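Each remark here refers to the structure printed beneath this line.
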Amino acid sequence: MAGPPASPPPVSGEPVGTLGGPSTPSVRGTNVSEQVQHPAADDDLPEQMRVRRAKREQLLADGVDPYPVAVARTAELAEVRRRYADLATDTASGDTVSVAGRVIFVRNTGKLCFATLRAGDGAELQAMLSLDRLGADALAAWKKLVDLGDLVAVTGEVISSRRGELSVLADRWEMAAKALRPLPVAHRPLGEEARVRQRYVDLIVRPAAREIVRARAAVTRTLREVLHTRDFVEVETPMLQTLHGGAAARPFVTHSNALDTDLYLRIAPELFLKRCVVGGLERVFEINRNFRNEGVDSTHSPEFAMLEAYEAYGDYHTMATLTRTLVQAAAYALNGSHVVVHADGTEYDLGGQWAETTLYGSLSAALGEEVTVATPMAELARYAARHELAVDPKWGPGKLAEELFELLVTPTLHAPTFVRDYPAETSPLTRAHRSVPGVTEKWDLYVLGGMELATAYSELVDPVEQRERFQQQAGLAARGDDEAMRLDEDFLRAMEYGMPPAGGMGMGIDRLLMALTGLGIRETILFPLVRAE
RNA sequence: GGGCUGCUAGCUCAAUGGCAGAGCUGCGGACUUUUAAUCCGUAGGUUCAGGGUUCGAGUCCCUGGCGGCCCA
């Protein structure tokens with residue numbers, strides 16, 4: 001380390017050549033004065049950033065790369081913790097290791113410095129830097145040049161301090177990457193917006209932020225494993241589509257220059273997965289993103305991850321069993337139990353068999369009046385008025401019954417509940433019930449007081465009936481319902497080759513994480529969409 | 001779309017219409033066993049932007065921007 005830390009380097013801006021070097025011709029001939037503005041811009045930086053930039057300059061001046069291509073590293077922090085877990089207080093192991101991590105706390109005394117290093121997995125290890133081991137220059141350089149947030153590497157003996165803290169007593173230290181921005185206060189939560197907009201900082205300072213990322217990975221891996229063991233094949237179907245279909249939702253529109261045509265970001269993979277089933281991929285699934293150009297709030301994100309699975313010769317009963325298996329496996333992967341613990345400490349039991357009811361049955365119970373798919377519009381409208389539900393004139397009786405159900409029943413569905421047999425009117429891709437007229441073989445799975453977690457059908461596979469349902473939807477679209485589905489000729493052509501009877505299921509991955517953790521959707525998505533700064 | 005609410009130092013937050021502050025962070029100093037180290041000293045601000053009321057606006061009013069919560 002270079003000697004006396006006498007002169008704070010002249011803050012003379014970027015070293016020549018890094019930016020605007022010879023490769024940028026515009027700089028050379030003309031406006032040289034513009035180049036000199038870099039230092040001036042630096043002067044506008046907050047003091048703490050100027051200081052850190054100056055330290056970077058000092059390192060360079062000392063001939064030390066603040067961003068070396070590699071540093072000595074023989075062990076991970078967690079590995080050292082594991083291996084020396086039993087090292088007695090105030091003893092030395094005799095073993096030398098090289099470790100690296102981010103400096104999150106510093107406690108400097110005159111001739112002995114302590115720093116807490118943290119690795120990406122959350123493991124922490126103390127580094128000790130003493131005058132007698134390091135020498136005056138290296139110790140002075142440490143104190144002068146290392147800030148909270150820097151990534152450093154330390155080589156030394158694994159010891160336990162007098163207070164019993166497992167530590168690396170440094171013979172040598174190196175800068176692994178100099179941080180130019182200060183870390184936020186480590187023990188106070190970052191503001192909501194900063195957490196979302198600068199997730200990287202959130203991840204550095206908040207262990208729970210890292211845990212949710214790993215929880216999500218554990219969940220998606222578990223879903224895949226369960227499906228693979230049941231011989232489901234994972235596929236990836238188009239996210240750019242010339243027609244949007246498979247759900248009732250407003251799409252995002254984009255444009256292909258090559259084809260000179262507008263394209264839609266998919267709102268659901270359903271119609272492509274069914275093409276797969278027609279082709280003989282009898283058990284097929286996809287986990288990927290859907291995009292819906294709709295509201296953004298605590299349960300809705302414009303892009304959201306979804307699992308869809310189709311099983312030939314299955315139906316909505318087999319999909320219910322599959323769904324319960326998947327959710328319970330995910331819960332088990334997170335918590336080792338079907339009872340998960342939410343962020344607020346409450347327990348949520350996903351175990352055992354789940355409650356089942358029907359839409360009209362549960363609605364009748366809530367209304368105290370017998371309601372069926374045959375109940376006329378006028379009567380339903382009276383119930384709506386009784387409960388102060390505004391009725392959209394575009395609604396039919398099926399849609400109104402569903403709205404009443406959502407208003408009166410779903411808030412009461414706290415434990416996981418399958419709600420079966422929806423009106424045909426609102427389910428254009430669903431097969432008619434095999435014994436109950438007017439309803440379809442569809443269920444919605446509700447959790448946590450009304451959050452819709454998954455849905456499944458016994459799929460409609462009759463191409464003629466499918467065409468009629470599409471035509472009804474096209475009529476709605478023509479009347480200005482921009483959520484209505486478009487007629488997809490190629491999909492119908494596929495169906496005309498014959499699709500086996502099948503069950504299909506879709507589950508929101510973000511919502512599954514919410515149900516398993518009790519967190520809001522913006523916490524379960526690493527980088528949720530936010531307005532540009 | 002409607003209602004409520006927030007935006008102040010790098011971070012988290014204070015400040016009856018009357019000198020813009022604290023803790024942490026930073027900087028200078030002391031300290032060879034600290035644990036969010038401690039102690040002494042010190043710096044740091046376009047109070048989101050623009051307009052208005054006022055002798056005087058972070059504070060009140062209007063418009064806009066960016067968030068959050070609740071409702072449809």
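Here the structure is a predicted model, which means the values were calculated and not measured. Just so we're on the same page: letters track the sequence lines, and every chain starts at 1. No hydrogens, no waters, no symmetry mates; every other heavy atom, side chains included, goes into these values.
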inquiry  = Regarding A:Val106, tell me which of base, sugar-phosphate or nothing describes its non-hydrogen contacts under 4.0 Å with the strands shown.
reply    = sugar-phosphate
Of the nucleotides [options], which has the atom closest to the [X] side chain?
{"X": "A:Val530", "options": "B:A37, B:G67, B:U33", "answer": "B:G67"}
{"X": "A:Pro184", "options": "B:U32, B:C11, B:C66", "answer": "B:C11"}
{"X": "A:Phe105", "options": "B:A37, B:U35, B:U33", "answer": "B:A37"}
{"X": "A:Leu190", "options": "B:U35, B:U12, B:U32", "answer": "B:U12"}

key: Any side-chain donor near an acceptor of the partner, A:Tyr422 and A:Asp444, under 3.5 Å   = yes
Side-chain donor-acceptor contact under 3.5 Å, A:Asp62 with A:Gln58 = yes
request  = Name the residue closer to the 5' end of RNA chain B, choosing between A:Thr109 and A:Glu165 according to the nucleotide with the nearest heavy atom.
outcome  =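 Here A:Thr109 is the residue nearer the 5' end.
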ask   = How do A:Ala390 and A:Met128 order along RNA chain B: which one's closest nucleotide is nearer the 5' end?
value = A:Met128
key: Check: A:Pro184 and A:Val201 side chains under 4.5 Å, non-hydrogen atoms   = yes
inquiry  = Quick check: do A:Gln126 and A:Leu166 have side-chain heavy atoms less than 4.5 Å from each other?
reply    = no
ask   = What pairs meet the ring-ring contact (aromatic ring centres under 6.0 Å, His included) rule with one or both residues in residues 82-122 of chain A, with sequence neighbours excluded?
value = A:Phe105-A:His187
Euclidean distance, atom [atom1] of residue [X] to atom [atom2] of [N] [Å, nearest integer]:
{"X": "A:Asn108", "N": "B:C39", "atom1": "CG", "atom2": "C1'", "value": "15 Å"}
{"X": "A:Lys143", "N": "B:A37", "atom1": "NZ", "atom2": "C1'", "value": "14 Å"}
{"X": "A:Arg107", "N": "B:A37", "atom1": "CZ", "atom2": "C1'", "value": "7 Å"}
{"X": "A:Leu139", "N": "B:U32", "atom1": "CG", "atom2": "P", "value": "11 Å"}
{"X": "A:Glu388", "N": "B:C71", "atom1": "CD", "atom2": "C1'", "value": "13 Å"}
{"X": "A:Arg206", "N": "B:U12", "atom1": "CZ", "atom2": "P", "value": "13 Å"}
{"X": "A:Ile104", "N": "B:A37", "atom1": "CD1", "atom2": "P", "value": "9 Å"}
{"X": "A:Leu407", "N": "B:C71", "atom1": "CG", "atom2": "C1'", "value": "13 Å"}

query = Any idea which heavy atoms bring A:Thr155 and A:Val168 closest together, and the distance?
reply =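 Nearest pair, atom of A:Thr155 first, then A:Val168: C-CG1, 4.2 Å.
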ask   = How does protein contact run along nucleotides 22-29 of chain B, one letter per nucleotide 5' to 3', with B for base contact, S for sugar-phosphate only, - for none, heavy atoms under 4.0 Å?
value = -BBBSSS-
Quote, to the nearest angstrom, the [atom1] distance that separates [N] from [M].
{"N": "B:C11", "M": "B:G44", "atom1": "C1'", "result": "13 Å"}
{"N": "B:A15", "M": "B:G21", "atom1": "C1'", "result": "7 Å"}
{"N": "B:C7", "M": "B:C13", "atom1": "P", "result": "10 Å"}
{"N": "B:A22", "M": "B:G29", "atom1": "P", "result": "23 Å"}
{"N": "B:G6", "M": "B:U12", "atom1": "C1'", "result": "15 Å"}
{"N": "B:U53", "M": "B:A14", "atom1": "P", "result": "31 Å"}
{"N": "B:C62", "M": "B:G2", "atom1": "P", "result": "16 Å"}
{"N": "B:C40", "M": "B:A20", "atom1": "C1'", "result": "25 Å"}

query = Can A:Asp147 and A:Lys178 be counted as an ion pair, charged N to O under 4.0 angstrom?
reply =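 Judged by the 4.0 Å cut-off on N to carboxylate O distance, A:Asp147 and A:Lys178 do form a salt bridge.
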inquiry  = For A:Glu403, is there an ion pair with A:Lys399 - N to carboxylate O distance below 4.0 angstrom?
reply    = yes
message = If you apply the rule salt bridge (Lys or Arg N to Asp or Glu O under 4.0 Å), what do you find for A:Glu165 with A:Arg81, and how did you get there?
response = CA-CA 10 Å; A:Glu165 184 73 35; A:Arg81 286 223 91 95; 3.7 Å; yes
query = Stepwise, does the side chain to side chain donor-acceptor pair (under 3.5 Å) test hold for A:Arg469 with A:Ser427?
reply = CA-CA 9 Å; A:Arg469 303 263 188 108; A:Ser427 307; over 6 Å; no
ask   = Do A:Phe252 and A:His244 have their ring centres less than 6.0 Å from each other?
value =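 That pair fails the under 6.0 Å test.
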inquiry  = Could you spell out the base pairing of RNA chain B as a dot-bracket line? Use Watson-Crick and G-U wobble contacts where both distances are under 3.5 Å, [ ] for crossing pairs, | for partners on a different strand.
reply    = (((((((..((((....[..)))).(((((.......))))).....(((((..]....)))))))))))).
request  = Kindly say if A:Arg50 contacts the phosphate of B:G44, meaning a side-chain N or O under 4.0 Å from OP1 or OP2.
outcome  = no
query = Within the structure, does a side-chain N or O atom of A:Arg522 lie under 4.0 Å from either OP1 or OP2 of B:C69?
reply = yes
